[in-house]
Amino acid sequence: FIMLIGLNIGATGQNKPALLMPFNEGKGQIVSDLSGRGNHGILGKNTEIAEDDPGWTEDGKNKTALRFDGVYGNYVNIKNSPSLNPDKKLYLSAWIKLKERPESGGVIINKGWGVYTLFINANGFVCFAYRNERNQFNSLNSKIKLTINDWHRITIEVNADAATKSIGIKVDGKDYFYARFKGSGFFEKDSHNVDIGYNSTQKTGPFCGVIDDVVIAMRIYKDKKRK
């Protein structure tokens, strides 16, 4: 098992996550995926050092982390793979510390043209958006504003494979949005990359703050401790 703050992750077998990034490198252009699936990332568009790359910081929730300055092109770029395309279950998790509220929305995790996006909207609320297999776009608002310069753990849980299909947004282990829905299918598939800190496909939503311990999975994990 790999233990992140607030979460126990089984990193072997069929239950391993699609992406597990604790940002422990502290330097360099490569960001390692410890899930065993090989979904490693790079800072910015390529491995060459650029001024608009995110920067390493020791001010992480769990050792080192990445600092995003709210500028366009400031992101972690993760190449698309089948393991990053959900079917009927999706789990997203990240520790974040906002430096300031985004003027036009700040992306935490994004895939392609809105297949799934965890973000802070222009009003400062934690939100989740997704595009289903019918190409219908949906956006959900938790109605919770995060405090600035404080660490918060954001979690998205989608389960369309159960008798009672549900989707939820949690902040620091507490439910702030929960809904049930009907339908057989859920996520649209696409070939675009996954981004952390920005939406490189649409060139929108630069995040301003620090991000640590990012998890993407196609199963639901339980917190080791609820608040």
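I96 contributes atom CD1, which lies 12.5 Å from atom CZ of R153 (distance to the nearest 0.5 angstrom). The CD1 atom of I109 lies 16.0 Å from the OH atom of Y75; values are rounded to the nearest 0.5 Å. Separation of atoms CD1 (I211) and CG (L98) is listed at 9.0 Å; rounding is to 0.5 Å. To the nearest 0.5 Å, atoms CZ (F177) and NZ (K143) are separated by 10.5 Å. Interatomic distance, Q136 CD to E188 CD, rounded to the nearest 0.5 Å: 10.5 Å. Taking CG from N74 and CD from E51, the interatomic distance works out to 11.5 Å, rounded to the nearest 0.5 Å.
The backbone N or O of F125 lies less than 3.5 Å from no partner atom in the side chain of N123, so there is not a single donor-acceptor pair. In this structure a side-chain-to-backbone donor-acceptor pair under 3.5 Å is present from E25 to S32. Within the 3.5 Å criterion, the main-chain N or O of G28 finds a donor-acceptor partner in the side chain of W56. Without hydrogens or angle criteria, N110 side chain to G112 main chain gives a donor-acceptor distance under 3.5 Å. In this structure, the side chain of H40 engages the main chain of D33 through a donor-acceptor pair within 3.5 Å.
Under the 4.5 Å side-chain heavy-atom criterion for Ile, Leu, Val, Met, Phe, Trp and Tyr, F207 and I144 are members of the same hydrophobic cluster. Connection of M218 to I167 is established within a shared hydrophobic cluster, with ILVMFWY side chains joined at heavy-atom distances below 4.5 Å, either directly or through further cluster members. In terms of hydrophobic clustering, with Ile, Leu, Val, Met, Phe, Trp and Tyr side chains grouped at heavy-atom distances under 4.5 Å, Y72 and L43 are assigned to different clusters. The hydrophobic cluster containing V76 does not contain Y198, counting ILVMFWY residues as joined when their side-chain heavy atoms lie under 4.5 angstrom apart, directly or transitively.
For R37 against P17, the heavy-atom pair with the smallest separation is NE-O, 2.8 Å. The two residues V107 and F119 come nearest to each other via the heavy atoms CA-CB, 3.9 Å. Taking both residues in full, the closest heavy atoms of N39 and I78 are given as O-CG2, 3.6 Å, listed atom of the first, atom of the second, then distance. Y116 and V194 make their closest contact through OH-CG2, 3.7 Å (heavy atoms, listed as atom of the first residue, atom of the second, distance). Annotation for W151 and G60: closest pair CZ2-C, 3.4 Å, computed over non-hydrogen atoms. Here the closest non-hydrogen pair linking A18 and S35 is O-OG, 3.4 Å.
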Test log, rule side-chain contact (heavy atoms from CB on, under 4.5 Å), inputs K189 and D87: CA-CA 8 Å; K189 301 291 190 296; D87 184 16; 4.1 Å; yes
side-chain contact (heavy atoms from CB on, under 4.5 Å) between I148 and R101, worked out: CA-CA 8 Å; I148 303 298; R101 290 194 175 91; 3.8 Å; yes
Test log, rule side-chain contact (heavy atoms from CB on, under 4.5 Å), inputs W95 and V210: CA-CA 8 Å; W95 281 94; V210 183; over 6 Å; no
From CA spacing to verdict: side-chain contact (heavy atoms from CB on, under 4.5 Å), V31, I42: CA-CA 6 Å; V31 186; I42 59 175; over 6 Å; no
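Of the residues listed (V115, V158, L140), the one engaging Y130 in a side-chain contact (heavy atoms from CB on, under 4.5 Å) is L140, and it is the only one. When F128, Y221, Y91 are each tested for a side-chain contact (heavy atoms from CB on, under 4.5 Å) with T155, only one passes: Y91. A side-chain contact (heavy atoms from CB on, under 4.5 Å) with I108 is found for exactly one of L92, I120, D195, namely I120.
In this structure the side chain of H152 reaches within 4.5 angstrom of the side chain of T147, judged on heavy atoms. By the 4.5 Å heavy-atom criterion applied to side chains, I216 and L90 are counted as neighbours. Under the 4.5 Å side-chain criterion, counting only non-hydrogen atoms from C-beta, P206 is not in contact with F68. Between Y176 and V126 there is no side-chain heavy-atom pair separated by less than 4.5 Å. Side-chain contact check for F23 versus V214: some heavy-atom pair is nearer than 4.5 Å.
Open room surrounds NZ on K99; 12 or fewer heavy atoms of other groups in view lie less than 6.0 Å from it.
At a cut-off of 3.5 Å, with distance as the only test, a side-chain donor of K111 or N80 sits close to an acceptor on the other residue. N77 and N46 share no side-chain donor-acceptor pair at under 3.5 Å. H192 and S200 form no side-chain donor-acceptor contact under 3.5 Å, judged by distance and modelled atom types alone.
Salt-bridge formation is detected for the pair D59/K97: a Lys NZ or Arg NE/NH1/NH2 atom is positioned less than 4.0 Å from an Asp or Glu carboxylate oxygen.
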